[in-house]
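What follows is a single structure, written as structure tokens, with notes after it.
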2 protein chains.
Amino acid sequence: MQAKTSDKLLDAAEFRMRRGGYNAVSFRDLASDINIKSSSVHYHFPTKEVLAVALVERYSERFFELLKSEADGAKTPEEVLKAYSATCEKALVVDKAVCLCIVLGAEMPGLPQLLQDSVRRFFDANIDWVERALPNTYPDALRNRKARAFVAAHQGAIVMAIGLGDLEIFRGISEDSLRGVLPSKPNIEAL
Amino acid sequence: MQAKTSDKLLDAAEFRMRRGGYNAVSFRDLASDINIKSSSVHYHFPTKEVLAVALVERYSERFFELLKSEADGAKTPEEVLKAYSATCEKALVVDKAVCLCIVLGAEMPGLPQLLQDSVRRFFDANIDWVERALPNTYPDALRNRKARAFVAAHQGAIVMAIGLGDLEIFRGISEDSLRGVLPSKPNIEAL
DNA sequence: GTCTATAATTTGATAGAC
DNA sequence: GTCTATCAAATTATAGAC
């Protein structure tokens, strides 16, 4: 059974957008990627903004599905947070590309409004997820702060890993940020 | 005394590129920003790639000058690293925009080669600078790893702060990442 | 659903006058 | 250094046939 045309279009759009940003994607390129004409793309997605919003929504759903399955069976905060790192790393290693939402996040002010909203929701959901995973001994304000730091460090790490062409860099950063967010275990390496 | 046309063009390009990425900048927009015609832009910068490379070089020079002056008089590793955070924060707060090189870094694979090289040099120089600031009690491999994590966390923090429209988020993350790279002081808040 | 055809705009870039 | 004029290509999008 074949993938639907709209899904093939989103696949092509995701590949291109994660490598060059919103403006690096054109309807003609997407059409030629899957051997149809650009006018046919408009049948599935009337405008580029609509296409991009649909793409972010699909990306977000898949990310959280993967996250859920990675975190399956995890008990301690440490295990749950490691599932978050593993989810990011998997997307990074498999696709050899940056997170869709960090590319779009970086060019945020230049994006159409509905797309900005979608990207923002993705990050809010990320922070929310991490926040719930943190030890409940933390006061609320600290939990939120730690969660933001954890997510930001991962997104930064992904960009650096791809930009410097060194996927190993990601692991080091995610380990460091895990230590940063958990109640102080001594930093053994640094002693 | 007036700014040179080429500088005004770079100012306009920096403003636009830090908000929308490489492809969000057009010669016509830049020209109209400073009230000349787009053909005149080509007199100063023959191609867009050349313009963007010049922009990254100028951005990098200014960043490291500011960094140098912020770090002036700093003695301990902690003080020097705080100067790095302060430099990033200043650019963030003053310009209300993301670091030029993180926008370009995110769309790296879609950029012309010379521009990719420039962006990469900026990040390498960042890591190098942070690496030198770290305590020399660290073994070399660890220093490099810590430096990468520190830079990545800051870049991620900048994108999140702008993307979520909350500049305060940056400070929390930079404090956390400072704690992460320095020899273990107990994480007081978390106890 | 996909096509042809086309419109309207924008883009990076060049030639040559002043 | 800046202009007018222009180009060739690319872009988002629409109308209407099949």
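Heavy-atom basis, side chains included; hydrogens, waters and symmetry copies ignored. Not measured: the values here are computed from a predicted model. Note on naming: letters A, B, ... go to the chains in the order of the sequence lines (proteins, then strands), and numbering restarts at 1 for each one.
Within the cation-pi definition used here (under 6.0 Å to the ring centroid, within 45° of the axis), Arg19(B) qualifies as a partner of Phe15(B).
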Q: Take Phe45(A) and Phe27(A) through the test ring pair (Phe, Tyr, Trp, His ring centres under 6.0 Å) and record every step on the way to the result.
A: CA-CA 10 Å; Phe45(A) 305 99; Phe27(A) 275 46; 8.2 Å; no
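As judged by a 4.0 angstrom heavy-atom cut-off over every strand, Ser26(A) is placed among residues touching the sugar-phosphate backbone only. Residue Phe27(B) is classed as a sugar-phosphate contact, given heavy-atom separations below 4.0 Å to backbone atoms only. Heavy atoms of Val50(B) sit nowhere under 4.0 angstrom from any nucleic acid atom. Among the atoms of the strands shown, base atoms are found under 4.0 Å from some heavy atom of Ser39(B).
A donor-acceptor pair under 3.5 Å is formed between the side chain of Glu49(B) and the backbone N or O of Leu114(B).
In this structure, Ser40(A) and Arg28(A) both approach DNA chain C, and ranking their closest nucleotides by distance from the 5' end singles out Ser40(A). Heavy-atom nearest nucleotides on DNA chain D were determined for Pro46(A) and for Ile36(B), and the one closer to the 5' end corresponds to Ile36(B).
Summarising the geometry, the separation between CG on Asn23(A) and P on dA10(D) is reported as 17 Å, rounded to the nearest angstrom. With rounding to whole Å, Leu30(A) atom CG is found 15 Å from dA10(D) atom P. Phe45(B) places its CZ atom 14 Å from the P atom of dG12(C), with the value rounded to the nearest Å. If you take CG of Asn35(A) and C1' of dC3(C), they are 14 Å apart, rounded to a whole angstrom. Rounded to a whole Å, the CD1 atom of Ile34(B) is 12 Å from the P atom of dG1(D). Taking atom CG of Asp29(A) as the reference point, atom C1' of dA10(D) lies 10 Å away to the nearest angstrom. In this entry the distance linking NZ of Lys48(A) with C1' of dA13(D) reads 13 Å, nearest Å. Between Tyr43(A) atom OH and dA13(D) atom P the separation is 18 Å, expressed in whole Å.
Contact between the side-chain N/O atoms of His44(B) and the OP1/OP2 oxygens of dT2(D) is found at a separation under 4.0 Å.
Using a cut-off of 4.0 Å between Lys/Arg side-chain N and Asp/Glu carboxylate O, Lys146(A) and Glu131(A) are scored as not salt-bridged.
Ring geometry for Phe63(B) against Tyr84(B) counts as perpendicular: the plane angle is over 60°, on a 0 to 90° scale with 30° as the lower cut.
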